[in-house]
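So the structure is just underneath, and the comments pick up after that.
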There are 2 protein chains.
Amino acid sequence: MTSSKDPILAAFGSRVRQLRKERSLSQEALADEAGLDRSYIGQVERGEKNVSLSNICRISNALNVPPQSLLETIYVHQE
Amino acid sequence: MTSSKDPILAAFGSRVRQLRKERSLSQEALADEAGLDRSYIGQVERGEKNVSLSNICRISNALNVPPQSLLETIYVHQE
DNA sequence: TTGTGACTATAAGTCCGTG
DNA sequence: ACACGGACTTATAGTCACA
């Protein structure tokens, strides 16, 4: 499931990338801030990783945004 | 790390429990809606599990709330 | 500076049960 | 209806070398 194109993970990753670029950070710089690996951040941004809640918060913290703002672009079909 | 008291996971779990009870659902009923295991939901609510983004969305979908509302009670220290 | 595939260790998550 | 545990399978975390 890690590498399958899950639109949720893709939306999350795009959001991270958007916020990172707004701050003119490299993946490496963001990774450093978050205490994560550079390539891991890249994988997250490409929607290849099903990120855990801990890491969502680490990344949001590194970006100086509340964690829920990283989920803002995720739309789940309500019935 | 599974059983350590991470306040982020605890806050998330409490929020899930709160919303579940508002809907008068049992853990089993919620698990069924979300396509997850009954005991897993219990562990999540007790803050014992580091939930993945996919499962955050599954649970939020089962509760009929947007995923970011499950993170609303999580406050990360901004510097 | 980033994309990518491969890799190992550990945690996620399931399924069975108990009180 | 829930907490909790053991044993189990599968996914994620986290890192690396290289394109």
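Reckoned from all heavy atoms, side chains included, excluding hydrogens, waters and symmetry mates.
Screening residues 52-73 of chain A for salt bridge (Lys or Arg N to Asp or Glu O under 4.0 Å), with sequence neighbours left out, gives A:Arg15-A:Glu72.
Between A:Ala62 and A:Glu33, the shortest heavy-atom contact is CB-CB, 3.7 Å.
Within the structure, a side-chain polar atom (N or O) of A:Asn55 is placed less than 4.0 Å from OP1 or OP2 of D:dG14. Regarding contacts with the backbone of C:dA11, every side-chain N or O of B:Asn50 stays at 4.0 angstrom or more from both OP1 and OP2.
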*State the dot-bracket string of DNA chain D. Criteria: Watson-Crick or G-U wobble, both atom distances under 3.5 angstrom; notation: ( ) intrastrand, [ ] crossing earlier pairs, | interstrand, . unpaired.*
.|||||||||||||||||.
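Counting to the nearest Å, the P atom of C:dT1 and the CD1 atom of A:Ile41 are 15 Å from each other. When rounded to the nearest whole Å, the span between CD1 of A:Ile56 and P of D:dT12 equals 12 Å. For the pair A:Leu53 CG and D:dA13 C1', the computed distance is 15 Å after rounding to whole Å. In this entry the distance linking CZ of B:Arg46 with C1' of D:dC4 reads 7 Å, nearest Å.
No more than 12 heavy atoms of other residues, nucleotides or ligands lie within 6.0 Å of CD in B:Glu28, so this atom counts as exposed by the packing criterion.
Every residue two or more places apart in sequence or in another chain that forms a side chain to side chain donor-acceptor pair (under 3.5 Å) with B:Ser54 is listed here: A:Asn50. Taking B:Arg46 as the reference, B:Glu48 meet the salt bridge (Lys or Arg N to Asp or Glu O under 4.0 Å) condition, with sequence neighbours excluded.
Near DNA chain D, meaning a heavy atom under 4.0 Å from it, residues 18-30 of chain B has B:Arg20, B:Ser26, B:Gln27 in order of number.
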Using nucleotides 15-19 of chain D, report all nitrogen or oxygen pairs with the protein that are shorter than 3.5 Å.
{"from": "D:dC16", "atom 1": "N4", "to": "A:Ser39", "atom 2": "OG", "distance (Å)": "2.6"}

